[in-house]
Student: 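My questions will all concern the structure given below.
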Amino acid sequence: MSTLVIVESPTKAKTIRNYLPSGYRVEASMGHVRDLPRTASEIPAAVKGEKWSSLGVNVQSDFEPLYVVPKDKKKIVKELKEALKNSDELVLATDEDREGESISWHLLQLLKPKVPTKRMVFHEITDEAIKAALTNCREVDQRLVRAQETRRILDRLVGYTLSPLLWKKIAPSLSAGRVQSVAVRLLVKRERERRAFRQGSYWDLKAALSKDKSSFESRLVTLADKRLATGNDFDENTGQIIAGRDVVLLNEEETLALQARLTDKTWSVAGVDERPSTRKPAPPFITSTLQQEANRKLRLSARETMRVAQSLYEKGFITYMRTDSVNLSQQAIAAARSCVEDLYGKNYLSPEPRQYKTKSKGAQEAHEAIRPAGQTFRTPKETDLQGAESKLYDLIWKRTVATQMAEARQTHITVHLEVEDAGFRSTGKRIDFPGFFRAYVEGSDDPDAALDDQEVLLPSLKQGDTPECTELSPIGHETQPPARFTEASLVKMLEKEGIGRPSTYASVIGTIIDRGYAQRQANALVPTFTAFAVTALLEQHFPDLVDLSFTARMERRLDGISTGEVEWLPYLSDFYLGDEGLETLVKTRQDQIDPGEARTIDLDNLEAKVRIGRFGPYIETEHEEKPVKASLPKDMTPADLTPEQIEQLLKQKLEGPEKLGFHPEKGEPIYILLGAYGPYVQLGDVTEENKKPKRASLPKGVAMESVTLDMAVELLSLPRLLGQHPDTGCKVQVGLGRFGPYVVHDQGKEGKDYRSLKKEDNLFTISFERALELLAMPKGTRGRRGTKKALKELGSHPEDEAPVNVYDGPYGPYIKHNKTNVSLPEGKKVEDVTLEMALPLLAEKASTKGKKKTSRAKSTTKKKTTKKTTAKKTTTKKTAAKKTTAKKTTKS
DNA sequence: CAGTGAGCGAGCTTCCGCTTGACTT
């Protein structure tokens, strides 16, 4: 007989197994094992008729929750029950936080152990820590469990009462929740600010100066003792200088006049300031900061980051990746310090070991910070990691090592210069001692700020010096709207407000994109029309729930419940059934909200109204007392909608499409239109016999206004024949597809062989020779930016002669043969792999592929192939908050 | 796919947090 120990994850099970005496069996629960029913199909027949059953909480009977074992956990629960039969003791060793405690309690409820049962907790997986934990077991903490249950019920009540309201009033399948609705609201509020933003412009002078043959730059800052206006002096809503600011605002003419007046005058140094400063390294990674940095530095999404981190964790390279604690164990600090000494020397070591304090709201700190695993850290070079794994490990390693390095010391130098009545300023920075800069500098959402960490050298100057001015140029500036949220800045904001947990940051972003509340544009998250409509409704009728502080208030109550100071039932009862409770509120508002109004989006200074319809957003306005409606392109967001575009759409609707001219050979008219999939051109009219005239989308980045008749004719002639392939005699054509321009070798029954054109190729001018060259390139190497190359070529497959190669992927190296991919066998390195080794692996993979269950019970709601329109207008907007961009103007 | 913005109306959609698997380039 033995003791059964249950933890959450198989990896944790594997590691603690090594520290436990023999006779201990360790199994994983795989997270929560019971939950409220997720969908109608999970509700037991016995209660299906009850009014409350769709909530999964009997709100009339003391909020009694209805727990079920979800389908994917049934097998695990069964296995745990089996394991318990052969044990004479049960130890529950889940995390010591609210959710972990709850998992233990649910296990007790499900397994109903007849043998002695203990609750064991530990924060570090070391021999001593685990032995100590074993002798220090306790009971399951019922208060903590109750706090979790209260959290669970509250989230369910919010989500499952507000979502149905949205289905009735706005569109089916929409969702609302304590976390996602606040996240969406943040995006919407920022976009409203951007829409309300009015640009301001101002001018100044830039001087190139030199002293003792070294040159430096200087900016005009004062004129006749008055400060020159900068971006911060502008009111974002008017584009004018904020009232009461005593500043000089120069326009272009005035600046040119000043330039002329100051040219060839004498410059003198009025003073030099030197200000030393120090900088401390950033704290070690937690889930949120790791996601932010990986997004900024590696351009990984939160989800990708977590996938890669999980893999590193499973392979034993890093500690657990879902954590909100910045704590480092003593061993970790020692390991980091020894890395610093070995690689950078004693000088670079911080005098004292550095330990950080967690400061985000509601952190539960069941784990350590994210750091390289082990008593000694493997340097990135010592690992055989590849691709994203290698890059992420490098990031984690550097950040951790940097925490034990000395502060950086730098000096900021400001030189004040005078010429006539104009004051100029030069700023420089000298790094006196780089300290942790040697290992790691935190990234920034603002690309301009990255320059902050670079040295800017000035020649040595002192008061009374007279440097020579070699160039004086006027510079125009425009103020920029507040930056959109990126994944990184959204996660940062949510984390700061204590909204969401480490395990959910990535999925929150996924949810708001899946539900159609936001689109990813470059690295930014852009809210949709639906997001505007839903946010407006929630703000108007449920302001408390979408307030940033709602979660923090809830957390305080939950803390109270876990200490016994607050009673859970009155809290829930008041929240849901009270006079101003959620149920009451939803019932009264349900009758008040007019669906037509709720579906209408109020946008400033637009003549037409935008409404959410069955087929997506459309605009509606009146023309000669009759309503006119027109669809908006699918991926258009409120940000892109301008009065001109509305006019274009309505004109097209009222007067028919705009005619570009007539086809030179066919004589038919050619039109340009804006459709649901972006702008396109059309040859001929829609008639009875020709219901589908020839159409062609505009290539990416081409504006509607810039399309000429010639271009339209060319587009409509696609796919264009280039010639006959010398090997086969088959057609070689060039065309424009979903993924941009391509060449195709059409071998009839043999199939079509496609290649995308490269950046340097032009769809209209590409030569036949170049097309053949592209077709001759191997296909599998298309990859990202064409950089994908095989790590090792194993040879050709005996069956079909197709190549079998080893490639590098985000989950490590893998073997590829046609469409079959298989990871390298455990413990094997790229160099070791041979064709002989690969063939059986590929064969096995190919066979399991075929007989895999296809059911998966409509797992993800709608897995539509996300079609991207070819003609998306990519307006690359500058995203520097309140920053200004310089507009170079030529010296006259 | 290149226009629509209604309803005959069953039954369903939906939350947050804990986990991995199977998947892919």
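The sequence lines fix the lettering, A, B, ..., with proteins before strands; numbering per chain opens at 1.
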Student: Taking the side chain of A:E8 as heavy atoms from C-beta outward, which of B:dT19, B:dT14, B:dC15 is closest to it?
Tutor: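 For the A:E8 side chain, the nearest candidate turns out to be B:dT19.
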Student: Please set out all donor-acceptor pairs under 3.5 angstrom arising from side-chain atoms of residues 50-57 of chain A, sequence neighbours excluded.
Tutor:
from  : atom 1 : to    : atom 2 : distance (Å)
A:S53 : OG     : A:K48 : O      : 3.1
A:S53 : OG     : A:E50 : O      : 3.1

Student: Using a 4.5 Å cut-off on heavy atoms from C-beta on, say whether the side chain of A:I370 contacts that of A:Y320.
Tutor: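 No, their side chains stay 4.5 Å or more apart.
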Student: Just to be sure I understand the rule, does A:D72 reach a base, reach only the sugar-phosphate, or reach nothing, if contact means heavy atoms closer than 4.0 Å?
Tutor: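 No contact.
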Student: Using a cut-off of strictly less than 4.0 Å, decide whether A:R98 has a side-chain nitrogen or oxygen near OP1 or OP2 of B:dC18.
Tutor: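 No, because none of the side-chain N or O atoms of A:R98 sits under 4.0 Å from OP1 or OP2 of B:dC18.
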Student: DNA chain B in dot-bracket, Watson-Crick or G-U pairs under 3.5 Å, [ ] crossing, | other strand?
Tutor: .........................
Student: From CG of A:L154 over to P of B:dG17, roughly how many Å is that when rounded to an integer?
Tutor: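 Checked: the CG to P distance equals 11 Å.
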Student: Quick one: does A:S102 reach the base of B:dG17 with a side-chain donor-acceptor pair under 3.5 Å?
Tutor: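 When only heavy-atom distances are counted, A:S102 does not reach the base of B:dG17 through any donor-acceptor pair under 3.5 Å.
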Student: Between residues 161-169 of chain A and DNA chain B, which residues have a heavy-atom gap below 4.0 Å?
Tutor: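 The answer is A:S163, A:P164, A:W167.
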Student: So does A:R38 get a side-chain nitrogen or oxygen closer than 4.0 Å to the phosphate oxygens (OP1/OP2) of B:dC12?
Tutor: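 No, A:R38 has no side-chain N/O under 4.0 Å of OP1/OP2 on B:dC12.
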Student: Would you indicate whether the side-chain heavy atoms of A:L110 and A:V33 approach each other to under 4.5 Å?
Tutor: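 With C-beta onward as the side chain, the pair touches.
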Student: Look at the side chain of A:R501 against the base of B:dC18 and say whether a donor-acceptor pair falls under 3.5 Å; ignore hydrogens and angles.
Tutor: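 Donor-acceptor pair under 3.5 Å: no.
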Student: Taking atom types as they are modelled, is there a donor-acceptor pair under 3.5 Å from the base of B:dG7 to the side chain of A:R614?
Tutor: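 By the distance-only test, yes, there is a pair.
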Student: Does A:T504 place a side-chain N or O at less than 4.0 Å from the phosphate oxygens OP1/OP2 of B:dG17?
Tutor: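 Result: yes.
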Student: Taking the six-membered ring for Trp, does A:F615 stack with B:dG5 (centroid gap under 5.5 Å, planes within less than 30°)?
Tutor: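 Ring-base stacking flag not set for A:F615 and B:dG5.
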Student: With a 4.5 Å cut-off on side-chain heavy atoms, are A:Q590 and A:L165 touching?
Tutor: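 Yes, at least one pair of side-chain atoms sits under 4.5 Å.
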Student: Within the structure, does a side-chain N or O atom of A:S175 lie under 4.0 Å from either OP1 or OP2 of B:dC15?
Tutor: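 It does, given that an N or O in the side chain of A:S175 lies less than 4.0 Å from OP1 or OP2 of B:dC15.
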Student: Tell me whether the side-chain N/O atoms of A:R322 come closer than 4.0 Å to OP1 or OP2 in B:dT20.
Tutor: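 For B:dT20, OP1 or OP2 has a side-chain N or O of A:R322 closer than 4.0 Å.
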Student: Are side-chain heavy atoms of A:I286 and A:E495 found at a separation under 4.5 Å?
Tutor: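 A:I286 vs A:E495: side chains touch.
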Student: In terms of side-chain geometry, is the basic nitrogen of A:E314 or A:K14 positioned less than 4.0 Å from the acidic oxygen of its partner?
Tutor: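 The answer is no: the pair does not qualify as a salt bridge.
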